[in-house]
Amino acid sequence: MKRLSLALALSAGIAINASAETRIVDYPFISYANTNILDVARVELTDTATLVKFDVRFRPKYWIQVGNDVVLKADGKKYALRSAKDITPGEKFWMPESGKASFTIIFDPLPLTTEKFDFSEGDEDNDWQLADISLTKDSSLPRQLPTGLPDGILKDFTDGPLPMPSLTIGETTVNVHYLGDRPEFASKLSFIIDEAIFGEKGADMKFDDSGIATVKFTQYGPASVQIIDRDYYIPYANFHIIPGETIDCYIDGTISGFKAMQRRGTGGIPREMFVMHNGSLSNYDRMLSQSFNTYTDWFEKGDKKLYRLDHDSYMKVLRSGYLTSIDSIQNANIPEMEKEILNVNLRNLIMEAVARHKERMKYQYLISTERWDEEFSYDSIPATLTEDDFREVTTWFDVSNPHLLLAGSDNGLSMADWNAYGAKGDLSKSLYRLTQLQEKANNAILTKEDVDGMRSLSNPFFAQVADSLYAEMNLKIAALDASVKPEQVPDVSVDEIFDAIVAPHKGKVVVVDLWNTWCGPCRRAIKENEPLKERELADDDIVWIYIADESSDHFQYLEMIPKIKGVHYKLNREQIEKIRERFKVDGIPYYILIDREGNAKGRPDLRDHSTYVKEIKGLL
């Protein structure tokens, strides 16, 4: 999206008395923030005004905007905006090629004796907030542990064997302790579980008055937890858990402030701050927090231009890179546990590089060229891998090693049925089949026969998980409102599907929104746009059509669509791909605008909220 919500209508400029008493603080310490894009470069206090200079780092050629309710707060008082320099009031500020910019905002004068203050854009969810901006604390000082952290939480790492992933089902409890005196910054945090079996899922996390949130969930096999501000990707914790255990996790609220200050070159956040917990895998997490090696730069960096290689050259690079990295890891002066996990991560990378080589090459191309908005065709990748390449990888290392599951949903075991290519056992087959059953359950089409087919596998865990999927699906089906359903998809060829969907509405302005339940930006855009249908865009001549596909969870989809005014369709993979090809869809949300004459045009620019309203009204 090409905007961040910060809008600022400014009054006329103010003259600053150069002879007045002045206090200047460069790069003050910021304790709390809900953004990592805005940093305070300088605060200048005089007896006539307070000047705050901001450094901005954001995506080149995208824009920010600042709004008219921005204030400073200190000691229970508010200090209003007066004027600004190097940013135009109420207009988009486009970021330059460098992705770096600065501007100054002038406020009513803070007292010269002020020790700390807040910068606040307003009370809306997306308004920028910087809090406890200290005019006395040295931001270059070493990081300190938060107050309230129990003794022994940050023990020294002890070397030993790599823990074996637990293939069990259990009810897991995580007590999250927010350490900090600004609890309002905890309200937007998300609790994300990444299971090796099923991938990512969220869980509700609400903090009580004492700053503790208790999160309980059913855990299927090995998993990790991330606690994060997803809007600005500010991580607070990242740790691993075993099914059925109860642990206490501690997060430092001032991590957000350090994230805002991260580009100053004064040092980052010590990584052990993300693993402050007392769970069974705390020692393993401490090792990970101290590991800064990857041995995968030969593949990860786009400067190698692997996307240009033909089949033979690509496989040669994979084999050479793997053998060289294995040798380097073995000879490295690092703990044995770290060597083991580096080997595991390297092998997962190789498996992904084969099983998903087209996707990896696309990503590497985008990193190398930085052409993020450019249409990319998989046909442009010379290398096409075959079953023989999968079989070859099974001869390089044991692709059935359960330790591969420590990578969570990024594990290579579930990306293909490696047992079909000669891998021993049936672990990979079990995982691969379970992911297929999960997709069926999400679409309410999982059958008892599908579940019973898992009972022949060597590990009963997978049949137990399948039973749970089936039971949970049936409970959800029983709870459904039978009256809620999408429109019947027209019975036409895939080439005609889009035209058949919009044809009944010719003569009206049609707004087609391509979205999915799992798409965070889609959900945010819908939440932002929905009120417009009763205000600026309240018109019977506008038709709202929402098109999702089978990747959307069936139950979440049926729960959401009654709250979204419009006509709803859910298409299969082939149908949605044809629409994406026709309109060169570069991601979702994606908008297609159709005028009264039936002319349809893809409009990714409507992701800009102000453009959205203007362009739709212009067709009425």
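This structure is a prediction, so every number in the text was calculated from the model and none was measured.
In this structure, Ser325 and Leu346 approach most closely via the heavy-atom pair CB-CD2, 3.6 Å.
Within 6.0 Å of the CG atom in Asn331, the count of heavy atoms belonging to other residues, nucleotides or ligands exceeds 12. By the neighbour-count criterion of 12 heavy atoms within 6.0 Å, atom CD of Glu115 is sparsely surrounded, having that number or fewer from other residues, nucleotides or ligands. Surrounding NZ of Lys424 are at most 12 heavy atoms belonging to other residues, nucleotides or ligands under 6.0 Å away.
Salt bridge present: Asp132 and Arg182 bring a charged side-chain N and a carboxylate O closer than 4.0 Å. A salt bridge links Lys339 with Glu336: at least one charged nitrogen is closer than 4.0 Å to a carboxylate oxygen. Taking 4.0 Å as the cut-off between side-chain N and carboxylate O, Asp229 and Lys188 do not count as a salt-bridged pair. A salt bridge does not link Asp75 to Lys116: none of the charged nitrogens lies less than 4.0 Å from a carboxylate oxygen. Comment: Lys216 does not engage Glu171 in a salt bridge, judged by the lack of any side-chain N to carboxylate O separation of less than 4.0 angstrom. Comment: Arg455 engages Asp467 in a salt bridge, judged by a side-chain N to carboxylate O separation of less than 4.0 angstrom. We find that Asp39 and Arg264 are joined by a salt bridge, their nearest charged nitrogen and carboxylate oxygen being less than 4.0 Å apart.
Checking Tyr250 against Asn278 by side-chain atom types alone, no donor-acceptor pair falls below 3.5 Å. Side chains of Ser409 and Asp194: a donor on one and an acceptor on the other come within 3.5 Å. In this model, no donor atom of one side chain and acceptor atom of the other lie less than 3.5 Å apart for Asp248 and His277. Side chain to side chain, Thr324 and Trp298 fail the donor-acceptor criterion of an N or O pair below 3.5 Å. Side-chain contact check for Glu245 and Ser280: at least one donor-acceptor pair (N or O, by modelled atom type) lies under 3.5 Å. With no hydrogens or angles considered, no side-chain donor-acceptor pair links Asp118 and Ser120 at under 3.5 Å.
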(request) Go through the steps to decide whether His240 and Tyr284 satisfy the test ring pair (Phe, Tyr, Trp, His ring centres under 6.0 Å), and finish with yes or no. (result) CA-CA 8 Å; His240 292 80; Tyr284 170 65; 5.1 Å; yes
(request) Might you work through the side chain to side chain contact (heavy atoms under 4.5 Å, CB included) test for Ser428 and Tyr421, ending with a clear yes or no? (result) CA-CA 10 Å; Ser428 180; Tyr421 303 114; over 6 Å; no
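Note on residues 321-348: pairs passing ring pair (Phe, Tyr, Trp, His ring centres under 6.0 Å), not counting sequence neighbours, are Tyr322-Phe397.
Under the side chain to side chain contact (heavy atoms under 4.5 Å, CB included) criterion, Glu352 pairs with Arg356, Arg360, Met415, not counting sequence neighbours.
Taking the centre of each ring, Phe54 and Phe119 come in below the 6.0 Å mark. Aromatic ring centroids of Phe198 and Tyr220 lie under 6.0 Å apart.
With rounding to the nearest 0.5 Å, the separation of CG in Leu281 from CD1 in Ile247 is 9.0 Å.
Side chain of Thr435 to main chain of Tyr432: a donor-acceptor pair is present (N/O by atom type, distance under 3.5 Å, no hydrogens or angles). Asn411 places no side-chain N or O within 3.5 Å of a backbone atom of Ala407 that could act as its donor or acceptor partner. Judged by distance alone, the side chain of Asp327 and the main-chain N or O of Leu323 form no donor-acceptor pair under 3.5 Å.
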